[in-house]
Protein chains: 2
Amino acid sequence: MGDSPKDGGPVAPRKPFRNEGEETRRAALIAATLDCIGEGGLQAATVRAIARRAGVTQGLIRHYFPSKDHLIEVAYQALMDRLTEDSQAALAHAGDPCRRLGAFVRAVLGAHATDPALLAAWAGFVGALHRAPRLRAIHAANYLGFREQLDALIGAALADAGRAADAPTLRRHGIAATAVLDGLWLEGGLLPEAFEPSEIAELGLRAVAALLGLDLASEGSLT
Amino acid sequence: MGDSPKDGGPVAPRKPFRNEGEETRRAALIAATLDCIGEGGLQAATVRAIARRAGVTQGLIRHYFPSKDHLIEVAYQALMDRLTEDSQAALAHAGDPCRRLGAFVRAVLGAHATDPALLAAWAGFVGALHRAPRLRAIHAANYLGFREQLDALIGAALADAGRAADAPTLRRHGIAATAVLDGLWLEGGLLPEAFEPSEIAELGLRAVAALLGLDLASEGSLT
DNA sequence: AACCAAATTATACAGTTGCACAAAATCCGG
DNA sequence: CCGGATTTTGTGCAACTGTATAATTTGGTT
């Protein structure tokens with residue numbers, strides 16, 4: 001909006017605006033960025049498209065972010081924060097370690113897998129990970145954080161079943177479980193028409209249970 | 001190269017060229033496209049970058065492909081073909097069904113996970129899947145093909161162990177195993193410094209074995 | 001009401017992108 | 001070695017991109 005000079009009208013009606021707070025505007029720009037990437041990939045997230053979606057003009061982006069790349073990085077971290085928040089919220093009301101692990105798996109594969117925009121945005125970022133060192137660092141931190149979370153849940157569940165595991169075993173279980181969850185999330189998100197609505201989550205529960213030798217499905221599988 | 005007019009020299013030394021066959025040029029352009037995407041993501045695969053890497057000028061691309069998007073699609077299919085060829089080649093010398101399954105897993109996680117360019121190229125495509133219907137179709141066909149291949153291997157291995165499975169069970173096993181392989185491939189490719197050289201492949205073998213309740217690791221794990 | 005700092009808009013600019021098209025080089029059958 | 005068809009190059013172009021910066025509006029303070 002407004003990149004080319006005026007043409008017809010003799011007057012230049014400047015767009016009215018309100019002075020929103022800095023945090024509000026930053027959040028709006030980040031949300032707009034994620035929306036753009038989720039809809040059209042990283043290439044669609046141009047400063048003009050982001051600004052238009054946020055209801056501002058493009059110049060404002062540079063007022064709140066030193067560069068577009070910086071905005072992209074912040075948006076990626078925000079997306080990761082959103083994902084981890086969601087899955088951690090599922091742990092709030094759960095006492096039994098096995099139930100906690102099950103709730104976590106269901107949260108990761110249920111709420112997220114059914115939101116194609118989230119996966120699309122994630123995929124957009126992943127496609128740029130190798131060339132952007134800062135994005136790589138964000139990815140590494142979040143991936144390892146996710147695995148630590150899963151490691152803790154798995155360790156607790158195994159201990160509860162009287163099968164406490166040593167560190168290397170726990171590491172292997174964490175990596176494998178993370179892989180199943182990531183893979184199922186990908187499969188379900190990239191090809192949603194190939195699966196039944198809750199099939200991915202059910203499969204994740206079964207798979208993690210098989211990987212660990214635990215019985216997760218029986219405890220409240222229909223919540 | 002050659003987008004802006006001449007400047008210094010009064011003569012215009014035109015680049016010499018040879019008339020390569022159509023197939024040669026198409027293959028070179030496809031390979032150049034994959035190289036570009038593998039190095040700098042989809043955004044780096046511009047017509048000029050592709051042409052430069054293929055040793056031609058940009059105009060030739062439009063001579064062999066109706067549009068850049070078409071070239072991207074063809075390159076994606078070519079990448080998938082390469083991946084499946086590699087994993088199928090590993091099945092050549094293997095008789096025992098369990099050994100065949102193990103060889104397949106090792107091929108998927110060994111050769112490919114250690115080639116970051118392949119994963120980078122794949123990630124670049126995945127980031128654009130949602131907005132390009134043709135790319136989506138290619139992805140769907142290849143994903144389902146991969147799963148069918150895995151289903152067959154799993155079915156044979158289970159039958160060989162005297163535990164023949166019905167179709168729904170086989171489907172579940174195939175989806176879960178595909179997820180583990182995809183997830184491990186992603187983990188290892190996106191964060192290679194977080195794993196030991198052959199750790200990913202070993203983990204994949206263990207994970208698939210645990211998912212199916214088979215013993216794959218014992219049979220030639222050190223090949 | 002007048003002023004000033006901060007927020008926001010609007011415009012400009014150089015570089016890049018995909019594509020179109022004419023000119024030139026190459027190839028190949030006589 | 002010539003002549004026509006095909007391949008390949010060279011160049012131009014309109015649209016788009018990120019960034020820079022001046023002009024304008026807003027919101028509070030006095």
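Below, chains carry the letters A, B, ... as their sequence lines are ordered, and counting in each starts from 1. Just so you know, these numbers use all the heavy atoms, side chains as well, and skip hydrogens, waters and symmetry mates. From a predicted model like this one, the values you see are computed outputs, not experimental measurements.
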Quick one: are [X] and [Y] in side-chain contact, heavy atoms under 4.5 Å?
X: A:Thr33; Y: A:Tyr76; answer: no
X: A:Leu205; Y: A:Leu109; answer: no
X: A:Phe146; Y: A:Leu83; answer: no

(message) Can you tell whether the side chains of A:Glu193 and B:Arg136 come within less than 4.0 Å, N to carboxylate O?
(response) yes

(request) Tell me which nucleotide among D:dG18, C:dC19, D:dT26 gets nearest to the side chain of A:Thr46. (result) D:dG18

(message) Of the options C:dG18, C:dC19, D:dT8, whose atoms approach the side-chain atoms of B:Leu60 most closely?
(response) D:dT8

Whole angstrom is fine here: how far is it from [atom1] in [X] over to [atom2] in [N]?
X: B:Arg62; N: D:dG10; atom1: CZ; atom2: P; answer: 19 Å
X: B:Ile50; N: D:dT9; atom1: CD1; atom2: P; answer: 15 Å
X: B:Phe17; N: D:dT6; atom1: CZ; atom2: P; answer: 15 Å
X: B:Arg25; N: D:dT9; atom1: CZ; atom2: C1'; answer: 11 Å
X: A:Arg52; N: D:dT17; atom1: CZ; atom2: C1'; answer: 13 Å
X: B:Arg26; N: D:dT7; atom1: CZ; atom2: C1'; answer: 14 Å
X: B:Gln58; N: D:dC13; atom1: CD; atom2: P; answer: 15 Å
X: A:Phe65; N: D:dA20; atom1: CZ; atom2: C1'; answer: 18 Å

(message) Does the plane of the ring in B:Phe65 sit parallel, tilted or perpendicular to the ring in B:His70? Use 30° and 60° as the thresholds.
(response) tilted

(message) Tell me whether the side-chain N or O atoms of A:Arg14 pair up with the base of C:dT9 as donor and acceptor below 3.5 Å, since no angle test is needed here.
(response) yes

(request) Return the 5'-most residue of the pair A:Ala44, A:Pro66 with respect to DNA chain D, ranking by each residue's nearest nucleotide. (result) A:Ala44

(message) Here's a test of your reading of the structure: between A:Gly21 and B:Arg18, which maps to the more 5' nucleotide of DNA chain C?
(response) A:Gly21

(message) Heavy-atom nearest nucleotide on DNA chain C for B:Ala45 versus A:Pro16: which residue maps closer to 5'?
(response) A:Pro16

(request) Answer yes or no: does a side-chain N or O of B:His63 lie under 4.0 Å from OP1 or OP2 of D:dT8? (result) no

(message) Does D:dT7 have its OP1 or OP2 closer than 4.0 Å to a side-chain nitrogen or oxygen of B:Tyr64?
(response) no

(request) Assign A:Glu20 to base, sugar-phosphate, or nothing according to its heavy-atom contacts below 4.0 angstrom with the strands shown. (result) sugar-phosphate

